[in-house]
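Contents: one structure, followed by commentary.
Below, read A as the first sequence line, B as the second, and so on, with proteins coming before strands; counting in each chain starts at 1. We use all heavy atoms of the structure for the numbers below, so side chains are in, but hydrogens, waters and symmetry mates are not.
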Amino acid sequence: MADALTEKGSARSWRAPRLTLRQREAIEAWLFVSPTVAGFLLFFLGPLAAVVYFSLTEWNLLTQQATFVGVKNYVDALSHNPDFWHVLRNSFVFAMGLVPLNMALALSLALALSRPFRGVIFFRTVFFAPVVTSAVAWAIVWRFLLQGEGGAVNQMLALVGIDGPNWLREPDWAMVAVIVTRVIKMVGLNMILYIAALQAIPRDYEAAARLEGASNWQIFRMVIWPLLAPTTLVIFVITMIGSFKVFDHIYLMTGGGPENGTLVLAFYIYEQGFKFFNVGYASALAMIMFVIVLVLTVVQMTLRRRDMQ
Amino acid sequence: MTLTVRQARIIARICWTVALLVVAVPFVFPFLWMVSSGFKSATEIFGQPSLIPRVWRWQNYLEVFEYQPFARQYFNSLYIAVAVTGLTLVISSLAGYALARMRFAGAGLLMLFLLSALMVPEEVTIIPNFFLIRWMGLMDTHAPLILLPVFGSHGVMATFLMRQYFLAIPKELEEAGKMDGLSPFGIWWRIALPMSRPALAAVSIITFLFSWNLFLEPLVFISSLEKFTLPLALSNFTDSYGLPLWHLQLAATSLAVVPILIVYLIAQRQIIESFALSGVKG
Amino acid sequence: MTSLTLRNIKKSFGATQVIKGVDLEIADGEFVVFVGPSGCGKSTLLRMIAGLEDITEGEIYIGERKVNDVQAAQRGVAMVFQSYALYPHLTVRDNMAFGLKVRKVPASERERRVREAAASLKLEALLDRYPRELSGGQRQRVAIGRAIVGNPQVFLFDEPLSNLDAELRVHMRSEIAALHQRLENTMIYVTHDQIEAMTLADRIVVLREGVIEQVGTPRELYESPANLFVAQFIGSPRMNVLPARAVAGRLAARGLNIGAAEGVGMRPEHISLTAPESGLLRGRVALSEYTGAATLLHVELEEGETALVIANGPAVPANGQEVGLEIAREHLHVFDKAGRAIRPLVQAA
């Protein structure tokens with residue numbers, strides 16, 4: 001009886017080293033993950049360790065030598081350099097402005113667009129379009145639109161009798177402008193996450209609440225909002241982290257100005273590291289950013305775990 | 001006069017639509033203004049603004065290519081995005097498959113490490129990566145623009161997305177493959193991948209856009225004009241005082257954005273779903 | 001020859017042991033069915049034979065060859081999965097030819113074998129369809145066809161009929177039986193359905209919690225179950241088991257001493273109805289379920305137990321009627337405290 005299954009098998013077993021199935025699987029698995037692991041060590045874990053070390057050194061530009069200075073860079077940032085607290089404050093103002101605005105708008109749009117009606121695809125497409133657009137292009141166009149004189153936004157405001165400010169040249173307005181334009185750019189992403197979550201809620205819940213005489217607002221407040229809580233938590237954290245990372249938007253719209261009014265942490269790191277070559281100081285700043293992001297992540301994980309119990 | 005339920009519903013619908021249209025203005029307006037201003041002359045741009053240019057200046061689009069090697073830069077962005085997408089697909093689906101389906105010592109630890117990478121912004125590691133790339137002699141080349149996204153947090157996100165999708169494939173299919181004599185590599189290539197087209201498409205879309213829109217890395221690693229990528233090139237249309245040459249900058253930006261928008265309009269459903277998938281993971 | 005030998009097979013997932021030492025010999029050409037409730041380890045055992053689960057302890061031989069560390073594809077076995085596991089992106093033809101292609105069988109040979117298998121399973125007309133275009137029964141046939149084309153020494157079936165509706169299940173059952181008669185291969189079949197086990201098997205292996213409870217022909221298992229578990233698992237409706245004290249006296253009165261027994265088992269189909277005074281047991285009909293071929297009576301006994309009785313024939317007692325129950329002594333099953341069958345069943349006093 002000619003047998004395709006075993007002939008080959010016995011032939012192979014002569015050559016194959018004696019490995020248990022389990023050992024073989026483990027070796028194959030490590031081959032599968034090896035590119036990822038190699039890249040991870042080289043471009044992530046190594047640099048992460050390096051940034052810790054760099055943050056404890058001072059860099060001499062002329063000799064290209066690093067001198068160990070302990071926590072001096074951190075002390076500089078936290079107690080000597082007035083810029084740092086200013087930058088941190090800016091980052092928090094940016095986040096505190098962006099996150100609630102983004103989430104409220106995203107949720108409102110999602111509620112309006114989670115059920116099919118004529119035009120729903122059109123609106124979803126429109127609100128999501130800025131997400132696929134490059135941040136650079138978006139910033140360039142808005143910088144153009146927000147010019148003080150002759151800018152299209154102010155021209156339109158003039159039509160209704162409002163004398164618009166020179167948006168990007170006044171520190172407070174600049175902050176408002178970068179926040180609002182960033183929200184418009186990114187809100188589509190959170191909107192679709194909310195839409196997905198809303199569509200996953202069984203319609204029966206709403207029907208049951210309606211039969212019990214609940215109003216729209218009551219249904220939202222007592223049924224939908226609690227069911228959205230896990231999504232809201234995820235969205236909150238990714239939006240928060242995203243707002244601390246914002247760089248290209250600021251770089252192109254205001255360059256951190258005016259009067260450092262929009263100088264945020266990511267931009268400050270770039271400036272210190274690549275413009276002034278304060279490698280040690282910039283690394284310390286990067287570590288501080290790392291810690292902020294880490295804290296946010298841990299908070300999310302703890303809340304999510306508690307949520308699951 | 002009282003309204004019937006039906007009438008009330010229609011009126012409510014109209015109010016909603018009008019409200020949504022008003023909200024949509026700042027989302028659409030910048031695109032319209034960008035394209036129209038790209039056709040204006042430098043002088044008209046600072047005159048009384050109107051959405052339709054008084055004179056359509058097509059030469060703007062020629063000057064864009066004369067001002068800097070824009071075609072070359074455009075091509076750079078395109079080929080880098082293709083390379084990043086291709087490499088990410090292969091590497092992340094390999095690792096994602098092993099993490100979803102294979103048992104090996106260290107899998108849990110590896111997952112944990114990769115998860116942590118997901119959280120860390122590029123800004124944190126960009127400084128040591130700068131020295132690493134310089135030490136490797138890859139400054140002012142496109143290598144870092146390909147390597148860093150593939151192995152950075154974006155690549156990790158793609159790995160988890162693929163892993164999630166592989167987990168949902170019925171295990172018996174892969175076992176049937178095993179019984180049929182496929183190696184793990186064969187199972188990955190001939191069963192897992194053909195069945196993961198939606199996930200592969202999602203990873204392709206978000207990876208392509210991620211690379212296409214990348215700004216910090218080119219800014220740090222690239223210095224010669226002909227090696228610029230689009231985002232860098234767009235930010236570079238300035239006069240000798242560093243002030244923007246609006247008409248050229250907006251024409252160039254239109255050239256960079258409009259093709260993406262057209263693809264987006266055609267495949268909006270697929271693209272939006274891809275982001276939804278990755279967002280849930282992130 | 002492809003016999004199969006399992007020697008002291010154990011399997012643990014982490015700290016939980018799911019197979020606790022299984023010894024089994026399967027003869028060449030034998031149709032063996034692993035049966036047991038869910039979680040008994042029958043599928044795990046099958047998957048260990050297939051090479052899909054590694055073996056924590058013990059040895060598996062296929063023929064003369066120890067296969068513990070032989071990869072699944074090289075063990076000479078083919079498997080039919082519960083979900084059929086047809087590749088959704090391949091046609092029926094490509095699904096069936098896939099394994100041959102992987103093993104680099106020439107195209108003409110592949111085509112010939114697929115044709116043969118398709119002809120024997122009446123799949124010719126479906127060869128260019130995709131799995132999603134097939135009905136459940138057709139998919140099942142393709143899954144079997146895929147197993148056949150590889151010409152395996154041993155066929156493994158993992159609950160292959162559990163996704164089919166009742167009618168199709170009966171039909172496919174007979175097809176699998178015919179397949180075995182035709183191919184005469186060794187087959188191992190896993191099911192939780194004791195009817196499937198009884199109808200298909202040369203020998204049945206009853207498993208519970210990772211341990212073999214009994215191995216035997218369907219008849220052996222039905223007629224002389226080794227223990228209470230097998231007694232109640234095999235046979236439908238379940239065997240009635242009454243506490244020994246409830247019947248010991250009456251049995252003794254008939255000259256039967258059941259000694260240290262804890263329970264006495266009687267199959268519903270072995271109990272006959274008599275007049276209330278003359279039966280071994282006496283009770284009242286609480287519920288009668290007419291199924292057409294027979295009537296299933298729930299009889300509340302004087303002792304407070306309920307016994308199931310299958311009544312044939314037209315004269316079925318009405319609800320509430322007093323009846324007597326009678327059973328032949330060779331149909332009594334007696335179990336000790338640990339649930340083991342006591343044999344010979346009944347000794348004369």
Value rounded to 0.5 Å, distance of CG in B:L250 from CZ in A:F144: 5.5 Å
For chain B, which residues of residues 271-281 of chain A have heavy atoms nearer than 4.5 angstrom: A:G273, A:F274, A:V279
Residue part contacting chain A, namely of B:R13, when any heavy atom lies under 4.5 Å: side chain
Chain B contact via A:R118 - side chain, backbone, both or neither, heavy atoms under 4.5 Å: neither
Top contributor to chain A interface from B:V257, B:N129, B:L132 [non-hydrogen pairs under 4.5 Å]: B:N129
Most contacts with chain A, counted as non-hydrogen pairs under 4.5 angstrom, among B:L209, B:L265, B:L216: B:L216
Chain B contact via A:L252 - which portion, at a heavy-atom distance below 4.5 Å: side chain
Close side-chain approach of B:P30 and A:W142, heavy atoms under 4.5 Å: yes
Pairs of heavy atoms under 4.5 Å with chain B: top-ranked of A:G242, A:A26, A:P47: A:P47
Near-ring test B:W16/A:F123, centroid separation under 6.0 angstrom: no
Toward chain B, the part of A:L31 with a non-hydrogen atom under 4.5 Å: neither
Qualifying side chain to side chain donor-acceptor pair (under 3.5 Å) pairs with a residue from residues 34-53 of chain A, counting only residues at least two apart or across chains: none
Heavy-atom check, side chain of A:F43 versus side chain of B:I133, under 4.5 Å: yes
Max heavy-atom pair count under 4.5 Å with chain B, selected residue of A:A50, A:P35, A:G151: A:P35
Sequence neighbours excluded, every pair satisfying side chain to side chain donor-acceptor pair (under 3.5 Å) that has a member inside residues 184-193 of chain A: A:N102-A:N190, A:N190-A:T239
Largest heavy-atom contact set with chain B, pairs under 4.5 Å, which of A:F54, A:F117, A:Y251: A:Y251
Qualifying residues under side chain to side chain donor-acceptor pair (under 3.5 Å), relative to B:R9, sequence neighbours excluded: none
Heavy-atom contact with chain A under 4.5 Å, split by part of B:A256: neither
Part of A:F244 lying under 4.5 Å from any heavy atom of chain B: neither
Side chain / backbone / both / neither for B:L234 at chain A, heavy atoms under 4.5 Å: both
From CG (A:L48) to OG (B:S116), nearest 0.5 Å: 7.5 Å
Contact origin within B:L20 toward chain A - heavy atom pairs under 4.5 Å: both
Segment of A:V153 engaging chain B (4.5 angstrom heavy-atom cut-off): neither
Residue A:V126 versus chain B: region with a heavy atom under 4.5 Å: both
Side chain / backbone / both / neither for A:L265 at chain B, heavy atoms under 4.5 Å: neither
Close side-chain approach of B:E122 and A:F247, heavy atoms under 4.5 Å: no
Within-4.5 Å side-chain heavy-atom neighbours: B:F151 and A:F40: no
Residue part contacting chain A, namely of B:I126, when any heavy atom lies under 4.5 Å: both
For chain A, the option from B:L219, B:L232, B:L214, B:I206 that forms the most heavy-atom pairs under 4.5 Å: B:L219
Proximal component of B:F210, with respect to chain A [non-hydrogen, under 4.5 Å]: neither
Pair A:E25 + B:R103: basic N to acidic O under 4.0 Å: yes
Which of B:G96, B:P121, B:A98 touches chain A most, by non-hydrogen pairs under 4.5 Å: B:P121
Other residues, nucleotides, ligands: >12 heavy atoms within 6.0 Å of A:W30 CH2: yes
Between A:A152, A:A38, A:A266, A:G46, the one whose heavy-atom pairs under 4.5 Å with chain B are most numerous: A:A152
Side chain to side chain contact (heavy atoms under 4.5 Å, CB included) between A:V132 and B:I271, worked out: CA-CA 9 Å; A:V132 299; B:I271 291 174; 3.9 Å; yes
Proximity breakdown for B:L148 and chain A, heavy-atom pairs closer than 4.5 Å: side chain
Parallel, tilted or perpendicular: rings of A:F32 and B:F185 (30°, 60°): perpendicular
Interchain contact, B:T17 with chain A, by part (heavy-atom threshold 4.5 Å): both
Donor-acceptor contact present, side-chain B:Y264 to main-chain A:T133, <3.5 Å: no
Under 4.5 Å from a heavy atom of chain B, the part of A:I27 involved: neither
Test of ring centre spacing under 6.0 Å for B:F113 and A:F44: no
Option that, when pairs with chain B are counted at under 4.5 Å, heavy atom only, ranks first among A:A129, A:A135, A:A139, A:A137: A:A129
Greatest number of heavy atom pairs closer than 4.5 Å to chain B - which of A:V51, A:V293, A:I184: A:I184
Centroid separation B:F27 to A:F128 less than 6.0 Å: no
Chain B contact via A:V237 - which portion, at a heavy-atom distance below 4.5 Å: neither
Contact check, side chains of A:L109 and B:V23, non-hydrogen atoms, under 4.5 Å: yes
Contacting region of A:M287 [heavy-atom separation from chain B under 4.5 Å]: neither
Contact check, side chains of A:I140 and B:W246, non-hydrogen atoms, under 4.5 Å: yes
Top contributor to chain A contacts, counting heavy-atom pairs under 4.5 Å, from B:F237, B:W188, B:F104, B:W212: B:F104
Note, A:S134 side chain near B:L230 side chain (heavy atom, < 4.5 Å): no
Residue B:E123 versus chain A: region with a heavy atom under 4.5 Å: both
Chain A contacts, top residue of B:T253, B:L147, B:V124, B:T125 (heavy-atom pairs, under 4.5 Å): B:V124
Inter-residue atom distance A:R143.CZ - B:S235.OG, 0.5 Å rounding: 9.5 Å
Heavy-atom side-chain contact between A:L145 and B:F29 under 4.5 Å: yes
Contacting region of B:I272 [heavy-atom separation from chain A under 4.5 Å]: both
Nearest heavy-atom neighbours spanning B:A276 and A:I192: N-CD1, 3.4 Å
Segment of A:M191 engaging chain B (4.5 angstrom heavy-atom cut-off): neither
